[in-house]
Number of protein chains: 2
Amino acid sequence: MATVRDVSSKLDSIDIALIEALQANARTPIAELGRKVGLSQPAASERVRRLEDIGVIVGYGVRLDPAALGLATEVSMRVRTSFDRFRPCVEHLKGVPEVVQLRRLTGEECLDLTVRLPDTVALEAVIDDIGRFGDVRTAVVLHAEPPKPLGRTLIRGCGARRA
Amino acid sequence: MATVRDVSSKLDSIDIALIEALQANARTPIAELGRKVGLSQPAASERVRRLEDIGVIVGYGVRLDPAALGLATEVSMRVRTSFDRFRPCVEHLKGVPEVVQLRRLTGEECLDLTVRLPDTVALEAVIDDIGRFGDVRTAVVLHAEPPKPLGRTLIRGCGARRA
DNA sequence: CCTGAAATCAGTAGGGA
DNA sequence: TCCCTACTGATTTCAGG
């Protein structure tokens with residue numbers, strides 16, 4: 001398994017600025033990226049490549065509007081299953097397209113999933129499907145704040161709370 | 001506000017292929033994108049621009065490894081608060097850097113948050129901070145599957161405008 | 001980390017199925 | 001309507017300092 005090393009101490013303020021700029025728009029040309037952080041284009045290019053090489057940047061993705069794609073309904077589910085049903089349950093859930101996020105948690109409700117659906121009508125089939133593996137608690141997402149990027153307030157002020 | 005229109009019926013198979021390619025790597029040059037889906041560079045460029053214009057593509061982001069940034073601990077929290085404390089709670093949580101995701105749910109535990117931290121030591125302060133607004137149930141994320149992209153298996157109703 | 005040259009890429013114009 | 005080829009400017013990469 002991959003040994004995930006914390007390399008944040010090897011990052012300077014320019015690296016963080018590059019990361020923040022890429023969070024805002026990952027398709028920003030490297031040249032403009034360099035302008036934003038006060039570097040020449042080749043220097044910025046090498047920085048970004050280094051961030052990829054050391055594993056800070058894993059990849060680049062596109063932000064989509066699920067509602068525009070006909071997937072307006074988001075549901076959060078918690079599953080409580082038995083010890084011997086856990087593995088089969090996870091393997092099954094990994095193959096369910098509607099399950100867009102799957103996390104194992106501490107506690108009795110050991111699985112947390114986020115489900116994307118066109119409407120609540122489609123929810124019934126998913127609940128029945130997953131219910132075979134254990135108790136399911138379902139909650140519809142009424143409103144979701146846009147995910148917060150990992151900025152310098154988090155990376156540097158680790159654990160910093162308002163004083 | 002959110003006049004979110006479902007435009008998935010206006011998307012064809014090529015649009016979905018472009019979206020999937022951008023999910024895999026949002027920094028793919030448009031020219032190579034066109035090669036992947038069997039289109040010339042200008043055609044691919046116009047397609048992508050159209051996907052942006054109609055609101056399917058909201059933006060482009062970078063995927064980071066939180067552990068490499070010194071944020072190895074992920075925590076899922078559920079907050080149960082009272083009617084009059086709800087709004088202040090949300091406003092407060094929106095300003096907490098460690099809260100990277102914030103969703104309002106149906107049911108009694110009306111708030112679901114994901115928190116990013118360097119370690120469990122930093123968790124105590126967050127729990128105490130949020131606990132002022134109501135009952136908090138906390139679970140550490142032991143393992144998270146990589147988020148599943150919204151692919152063609154999910155997006156249906158793609159009325160074939162063209163093949 | 002900067003400058004400069006070669007290759008690739010992006011945006012526009014014009015024409016065709 | 002949608003697509004393709006050609007052209008011009010911008011961008012990226014690689015070399016050398």
Side-chain angles (χ1 to χ4, degrees), chain A residues 7-65 68-70 152 155-156, chain B residues 5-65 68-69 149 151-152 155-163:
Chain A
V7 294
S8 61
S9 61
K10 302 175 94 69
L11 306 181
D12 62 10
S13 183
I14 294 180
D15 291 315
I16 307 295
L18 287 171
I19 289 171
E20 288 178 336
L22 284 170
Q23 297 253 29
N25 181 10
R27 283 189 73 86
T28 307
I30 303 283
E32 191 183 331
L33 231 52
R35 261 172 250 134
K36 284 185 196 291
V37 304
L39 246 53
S40 72
Q41 190 272 342
S45 177
E46 194 182 344
R47 289 262 194 168
V48 172
R49 182 126 72 99
R50 178 175 153 271
L51 289 172
E52 295 169 353
D53 290 340
I54 65 179
V56 169
I57 292 179
V58 178
Y60 304 92
V62 56
R63 280 191 284 268
L64 303 172
D65 181 353
L69 293 168
R152 64 185 355 117
I155 296 168
R156 287 248 247 186
Chain B
R5 191 182 35 157
D6 177 3
V7 295
S8 61
S9 61
K10 303 175 92 73
L11 305 182
D12 64 9
S13 182
I14 295 179
D15 292 315
I16 306 296
L18 287 170
I19 289 172
E20 287 177 336
L22 284 170
Q23 298 251 29
N25 180 9
R27 281 191 72 86
T28 307
I30 302 283
E32 191 183 332
L33 229 54
R35 263 172 248 134
K36 284 185 196 293
V37 305
L39 283 179
S40 68
Q41 187 270 337
S45 176
E46 193 182 343
R47 289 263 194 168
V48 172
R49 186 145 53 107
R50 178 174 154 273
L51 289 172
E52 295 169 353
D53 290 340
I54 65 180
V56 169
I57 292 178
V58 179
Y60 304 92
V62 57
R63 280 191 284 268
L64 304 172
D65 180 354
L69 292 168
R152 62 188 352 120
I155 305 165
R156 299 209 199 290
C158 305
R161 207 180 25 155
R162 282 149 300 153

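Because the structure is predicted, anything quoted here is derived from the model rather than measured. Reminder, nothing fancy here: chain letters follow the sequence lines and each chain counts from 1.
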How many whole angstroms separate atom CG of B/L33 from atom P of C/dG11? 12 Å
Between C/dC2 atom P and A/E46 atom CD, what is the distance in whole Å? 11 Å
Euclidean distance, atom NZ of residue B/K10 to atom C1' of D/dT1 [Å, nearest integer]: 13 Å
Walking DNA chain D from its 5' end, the first of A/T28 and B/G38 to be reached, judged by nearest nucleotide, is B/G38
Among D/dT12, D/dC3, C/dC2, find the nucleotide with the atom closest to the side chain of B/R47. D/dC3
Rounded to whole angstrom units, what separation is found between the CZ atom of A/R27 and the P atom of D/dA10? 19 Å
Between D/dT12, D/dC4, C/dC2, which one does the side chain of B/L39 approach most closely? D/dC4
Scan for salt bridge (Lys or Arg N to Asp or Glu O under 4.0 Å) pairs involving residues 24-35 of chain B, sequence neighbours excluded, and state none if there are none. B/E32-B/K36
Selection from C/dC2, D/dC4, D/dT12 that lies nearest to any side-chain heavy atom of A/A31: D/dT12
Here the distance between atom P of C/dA10 and atom CD1 of A/I30, to the nearest Å, is 13 Å
Are any side-chain N or O atoms of A/R47 and backbone N or O atoms of A/L18, one a donor and one an acceptor, separated by less than 3.5 Å? no
Counting only side-chain N and O atoms of B/S45, is one of them less than 4.0 Å from OP1 or OP2 of C/dG11? yes
SB check A/R50 A/D15 (cutoff 4.0 Å): yes
Under 4.0 Å, counting only non-hydrogen atoms across every strand here, what does B/Q41 touch: a base, just sugar-phosphate, or nothing? base
Return the set of residues passing side-chain contact (heavy atoms from CB on, under 4.5 Å) with B/A24 (not counting sequence neighbours), or none when no residue passes. none
Indicate whether OP1 or OP2 belonging to D/dT12 is found under 4.0 Å from a side-chain N or O atom of A/R49. no
Measure from the side chain of B/R35, starting at C-beta and using heavy atoms only, and say which of D/dC3, C/dC9, C/dA10 lies closest. C/dC9
Checking B/Q41 side chain against B/I30 main chain: does a donor-acceptor pair fall under 3.5 Å? no
Out of D/dT11, D/dT13, C/dA10, which has the shortest distance to the side chain of A/P42? D/dT13
